[in-house]
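Report on one structure; see the data block that follows.
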Amino acid sequence: MSIYGNYINGEWVTKSHQSTFASVSPSDTGDQVGEFSIADEQQVKEAIAAARAAQPSWASTPIQARSEILLKIGLELGERKAEIGKLVSREGGKTLADGVAEVVRASQVFHFFAGETLRCGGEAIPSTRPGIGVLTSREPVGVVGLITPWNFPIAIASWKIAPALAFGNSVVLKPSEETPAIAAELFRVMARAGVPAGVANLVNGPGHITGSALAQGIDALSFTGSVPTGRKLALAASEQMIRIQLELGGKNPLVILDDADLPAAVECALNGAFFSAGQRCTASSRLIVTERVHDQFVDALRTRMRSLNIGHALDKDTHIGPIINQRQLDMIQRYIGVGKSEGAELVEGGQLLERRNPGFYMQPALFISTRNDMRINQEEVFGPFASVIRVKDYDEALSTANDTEFGLSAGICTTSLKYANHFRMHIQSGLAMVNLPTAGLDYHVPLGGVKSSGYGPSEQGKYAADFYTHLKTAYIAN
Ligand code: NAD
């Protein structure tokens with residue numbers, strides 16, 4: 001099998017002394033997707049230097065040309081969604097339908113920012129002093145480091161790369177070591193679309209080597225991943241006084257009230273908690289249910305859980321694919337032990353599964369009789385794992401939902417406009433969903449968490465400009 005190099009200054013570079021790592025399909029550990037060179041500190045510096053050299057001329061490239069390049073990237077991703085979606089599913093373990101949908105989303109993100117390239121302007125503001133005009137303009141930040149997780153390997157990379165390039169920055173991406181082949185494919189598409197050498201660079205390797213090297217010597221850092229890694233990177237950024245944007249984990253509540261449309265609420269819970277094997281930052285891991293509908297809800301959810309097919313991500317009838325790797329599977333299994341030892345009752349699933357290929361399969365797990373202060377309700381598990389918390393009424397549901405260090409997404413299922421509106425206003429989270437799963441987002445509106453779930457400006461939509469540009473204010477006397 002050939003070794004994939006790192007993409008630096010428009011070339012795929014492999015050095016003979018470099019160590020490598022393998023990317024393996026979580027659906028079938030016998031299926032090796034590729035072998036990749038690890039970029040050490042020196043090579044990361046080379047990538048940053050290439051980005052720094054290329055950035056000024058990219059920033060002065062006419063916006064029409066920059067916009068057309070982004071459009072071309074979006075077009076190729078859209079045209080090849082089936083083929084690239086299959087790679088996303090094979091390497092990342094999400095179902096084929098989800099893999100294809102993710103590539104479509106990446107394509108839409110590039111289309112959206114092709115438009116934003118043209119729309120990114122400033123303002124003319126009257127001065128308080130006579131004879132003076134004030135103009136604001138948005139200027140690129142410079143070289144932006146991007147560090148991404150494996151669970152949305154092409155969408156997250158795209159929603160960082162597209163605005164960075166739209167507004168005249170250059171980038172160095174370090175994708176997750178679980179999904180390097182997808183990142184390589186995206187970079188081939190970008191090169192074909194005409195992104196100039198050095199404007200977008202790709203370095204692969206583990207977080208503690210390649211990732212931590214990328215946190216040095218750049219002008220801004222956008223990171224999506226876990227809270228502990230985000231915290232380390234925030235410290236590194238503050239020491240250098242560079243701007244940072246962190247999109248982190250969640251412990252997302254879904255509130256189900258007495259007056260909810262119960263079958264619809266069960267579908268919201270099933271989708272939000274277990275689809276994509278619960279490996280979504282927006283997954284509903286705490287199902288907060290009022291007591292009058294509690295038993296009925298739990299019975300209906302258990303029935304639906306039994307109808308789910310867990311299997312190879314590429315099989316047509318699979319609803320839920322594998323867990324990403326052995327380490328993560330072991331971690332989820334440990335939390336099943338934690339839940340039992342805390343006195344919660346495992347009423348559905350949780351067991352390991354064997355399938356025709358060796359992979360990381362488990363039956364989605366549901367706990368009941370849980371309290372919000374249990375570890376299983378306070379710590380992010382990041383798997384097909386949810387707990388039900390029984391509450392008296394809406395007020396207790398809201399205070400339980402807010403009683404967490406996280407604040408990414410939160411949902412409520414209710415037919416009451418009063419409660420829906422109150423929840424939207426008082427839930428402490430970046431995303432509030434009414435009669436919808438906590439997961440499942442549009443590509444053109446902002447995404448950002450509060451509390452420990454996020455730090456810095458939101459991503460996506462027109463607000464992406466707040467991170468990827470500096471505002472300059474000019475005073476001009478006439
Ligand atoms: P992770 O923090 O382990 O890794 C994320 C990335 O950081 C990877 O590329 C990894 O190699 C790198 N990294 C690890 N240690 C590093 C270090 N010391 N310095 C620099 N880089 C380092 O997270 P993960 O397991 O890949 O992803 C799952 C997490 O991501 C979950 O917590 C999930 O909630 C979160 N997530 C959040 C969002 C969001 O938008 N808020 C979206 C998706 C995932």
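It should be emphasised that the depicted structure is a prediction, and the values quoted were computed from it without experimental measurement. Order of listing sets the numbers, starting from 1, for every ligand and every atom in it.
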Can you find an N/O atom of His208 closer than 3.5 Å to an N/O atom of ligand 1?
-> no

Residues Ser170 and Gln55: closest non-hydrogen pair is OG-CB, 3.4 Å

Is the closest N or O pair between Lys174 and ligand 1 shorter than 3.5 Å?
-> yes

Which protein non-hydrogen atom lies closest to atom 41 (N) of ligand 1, naming both residue and atom, and how far is it?
-> Leu248 O, 2.7 Å

Counting distance only, does the side-chain N/O of Ser212 pair as donor-acceptor with the main-chain N or O of His208 below 3.5 Å?
-> yes

For Gln245 and Ser222, does a side-chain donor sit closer than 3.5 Å to a side-chain acceptor?
-> yes

Would you say atom 4 (O) of ligand 1 touches the protein, meaning some protein heavy atom is under 4.0 Å from it?
-> no

Does Arg105 pair with Glu102 as a salt bridge, N-O distance under 4.0 Å?
-> no

So, Gln18 and Gln43: side-chain donor and acceptor under 3.5 Å apart, yes or no?
-> yes

Heavy-atom nearest neighbour of atom 33 (C) of ligand 1 within options Trp150, Phe406, Phe382 = Phe382

Where's the contact between Leu214 and ligand 1, heavy-atom distance under 4.0 Å: side chain, backbone, both or neither?
-> neither

For ligand 1, is Gly449 a contact, meaning one of its heavy atoms is under 4.0 Å away?
-> no

What protein heavy atom sits nearest atom 2 (O) of ligand 1, and how far away is it?
-> Ser226 OG, 2.6 Å

Test of ring centre spacing under 6.0 Å for Phe467 and Trp159 = no

What do you reckon, does Glu380 have a nitrogen or oxygen under 3.5 Å from a nitrogen or oxygen of ligand 1?
-> yes

The closest protein heavy-atom partner of atom 16 (C) of ligand 1 is Thr229 CG2, 3.3 Å

Any donor-acceptor pair under 3.5 Å from Glu405 side chain to Lys451 backbone | no

Does any N/O atom on Gly205 come nearer than 3.5 Å to any N/O atom on ligand 1?
-> no

State, without any angle test, whether Ser409 and Thr438 hold a side-chain donor-acceptor pair at a distance under 3.5 Å.
-> no

Which of the numbered atoms in ligand 1 are below 4.0 angstrom from a heavy atom of Glu177?
-> 10 (C), 11 (O)

Charged tip of Lys160 within 45° of Tyr468 ring normal and under 6.0 Å | no

Atom 9 (O) of ligand 1: closest protein heavy atom, distance to 0.1 Å, is Thr148 O, 2.8 Å

Selection from Ala283, Gly207, Cys281, Gly145 by shortest heavy-atom distance to atom 13 (N) of ligand 1 | Gly207

Ligand 1 atoms in contact with Gly249 (distance to a heavy atom under 4.0 Å) | 32 (O), 34 (O)

